[in-house]
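Down below is the structure, laid out as structure tokens.
Throughout, a chain's letter reflects where its sequence line sits, starting with A, and its residues are numbered from 1. These figures come from a predicted structure and were not determined experimentally.
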Amino acid sequence: MSDKQPDQIYAMRHSLAHIMASSIQHLWPNVKLGVGPVVENGFYYDVDLGDEQLSEADFARIEAEMAKIIKAAEPFERIEMPVLDAVSWAEQNEQPYKKELLNDLQRAGTTVAKDLDAATLGVATEGDSKVETVSFYRNGDFTDLCRGPHVEATNKVGAFKLMRVAGAYWRGKEGNPQMQRVYGVAFATPKELRQYLDMLEEAKKRDHRKLGQELDLFVFSDLVGSGLPLFTPRGTVLREELERFSNELRKSRGFDKVSIPHMTKKDLYEKSGHWAKFGDELFLVKSQETSDELVLKPMNCPHHTQIYASRPRSYRELPIRYLDTTMVYRDEKTGELGGLSRVRSITQDDSHAFVRPDQIEQQIDDLLASADEMYSTLGMKLRVRLSWRDDSDAYLGSKELWASAQEQLKNAVITNKLEYFEQEGEAAFYGPKIDFMASDAIGREHQVATVQLDFVMPERFGLEYIAEDGSAQHPIMVHCALMGSTERFLSVYIEHTAGRFPVWNAPEQIRLISVNQEPETVAFVEKIAVQAKALGLRVSVDNSNESVGKKIRSAEIWRVPYTVVFGEKEIGGGELMPRIRKDLAVSEDATSYTVTEFLKTVANEAKMRVSKTSL
RNA sequence: GCCGACAUAGCUCAGUGGCUAGAGCGGCUGUUUUGUAAACAGCGGGUCGUGGGUUCGAAUCCCUCUGUCGGCUCCA
């Protein structure tokens, strides 16, 4: 899903893929080549070395060979030939993967798997005509099937670096031979490459798995299982503060909290349509008492429909809005789990509004406003993706309903002046979505909140309300989550903040340090801690037998927003000189406060959810 | 799930067939009583992820399982 790249950088990256393949062929003459496209920030090439395996240790040799080719300034030359000649070229050069691509081109006019399937079924596609001639590009002794474009010669490719090698199935299909995919990144100038590598370095430092460990936020246990994070007291503070924020944003806009069990009979999902589509991702639960087939809930909407359905509803009651921040369980494939980004126990800050057609617009506006408030408070920029259906039959409901739903979402986004782009094939099976993408502090974009319009589920569950004219009508369901999943959001948020959490959600807001271990010093510090706790502050005391320097250092490492040292001066009634974490301070000047002033200011700050300190 | 790499103390990591497996940090104890990013000394701490195999001998070689990481694929 890479954004559109300017032609020049695209050509550079694509040319580098050829140069890399050429270098690998020089070093391993028997290499069988797959495809070598441009991806976000760079390129890759899929290679098959038979019994041999490439490793990152080979990168230096490959890069050296690439440097030779680049230095030689070989021109890229386009060659056209009849597709049958190309097939025999592939045979002569023992390139079975290329031959397969050529055969597809000849047969169906495309190498794209999706279009190929359509062609096989006899469905007309855009590139329907069979291809008669194909283009090749040649540089030096290397020739490759390729649509182009390329730079004019091998010395015009900018700056690059080989990054990693990974397994990849030929054409992405399990069962096909596994090839090795060599990734490189490339930019127009060495400076841009440097900046990109620096960003990766920074991302590594911020890795939420590393910070989760260092800041004692969450752990995993082999006995509990993979993808099942356990949150420590610190991590729990963080997640509960964020969830509270999300809940408050919705409560203030008319949502009522509901509560549901974590399992259900599978009948619920058979009715909703989830079972047919997602049955293999559900955890099954066995009852020892009844014959019920139970499952752990993988989503909450069907449960919520049953609260709505519990009695007849009047149009006067609508909108009926439920919010529920609760865990769902999905049996994700083990290879896909990682840190908090992809887990099997997923907390959703879920909400479902049941509305009349004339209330859709207001409802969507409310939710867009909530999302905006949340992310501006968290210091993240939002843009939205309008996730539409595509032409496949993977969706429920009539096309007319879809078209009108998609139009309403788009209008709401335009009315709210949100930056947006549209993408087909990203919709939920029951309706189109507005997906929010948040940019973090180092420029990466993550999918977070979502607003979804659903005409399908109310119908399947027979949800109704009695309209003004006495007729029974289906309400429309608006699904929304502001964080999406708490776990995934935490992975984003921890990396966004680099563990420097604002006062309102910092697990530890104030650390009190005693300058020595004299009983009166310790007692004084303990007394202040009690006062702070009475104001609802999260405070800790360090009166260990260490130097002040060491204790300050420790507080810094734990990224505590405020650190205050207590000694003779403070005990004697002197004012405090709180040490403010660097990213929070609005000015360099330290100011002094009485104990009461200080604690009240911090408590106030935490309540207001501000991101910079007012001290 | 698939391919590949990896798993040694709470953490970060040394140790590649041969004595009782090591270091730094953290922890504990003592000395010190400390003023804004590391005082000093001592002491603990490991079934070398699990189970099996090869060998006179395994942290080290082979297999299984579990977990982690990088990808593929997927993500309601």
Verify whether the ring centers belonging to Phe429(A) and His274(A) lie closer than 6.0 Å. yes
Rounded to whole Å, how long is the line connecting atom CG of Asp222(A) with atom C1' of C65(B)? 12 Å
Taking the side chain of Ser226(A) as its heavy atoms from C-beta onward, which of C75(B), U66(B), U68(B) lies nearest to it? U68(B)
Under-4.0 Å salt bridge between Glu487(A) and Arg239(A): yes
Is it true that Phe43(A) and Tyr183(A) have ring centroids separated by less than 6.0 Å? no
Look at the side chain of Arg181(A) against the base of C3(B) and say whether a donor-acceptor pair falls under 3.5 Å; ignore hydrogens and angles. no
May I have the distance from Gln180(A) (atom CD) to C2(B) (atom P), rounded to whole angstrom? 18 Å
What string of B, S and - do you get for nucleotides 32-39 of chain B, 5' to 3', if B is base contact, S is sugar-phosphate-only contact and - is no contact with any protein heavy atom under 4.0 Å? BBBBBBBB
Is the distance between the ring centroids of Phe354(A) and Tyr322(A) less than 6.0 Å? yes
I'd like to know if the side chain of Thr232(A) reaches the main chain of Asp216(A), judged simply by a donor and an acceptor atom lying under 3.5 Å from each other, with no hydrogens or angles considered. yes
Would you say the rings of His262(A) and Tyr329(A) are close, in the sense that their centroids are separated by under 6.0 Å? yes
Are any side-chain N or O atoms of Lys32(A) and backbone N or O atoms of Val47(A), one a donor and one an acceptor, separated by less than 3.5 Å? no
Roughly, in whole Å, what's the span from CG in Leu223(A) to P in U50(B)? 12 Å
Residue among Arg581(A), Arg511(A), Arg579(A) satisfying side chain to side chain donor-acceptor pair (under 3.5 Å) with Glu556(A): Arg579(A)
Is there a side-chain contact between Tyr44(A) and the phosphate of G70(B), meaning an N or O under 4.0 Å from OP1 or OP2? no
Could you state the atom-to-atom distance from CD of Gln447(A) to P of C75(B) in whole Å? 12 Å
Would you mind classifying the nucleic acid contact of Phe278(A) as base, sugar-phosphate or nothing, using non-hydrogen atoms under 4.0 angstrom? base
Any residue of residues 205-218 of chain A with a heavy atom less than 4.0 Å from an atom of RNA chain B: Arg209(A), Gln213(A)
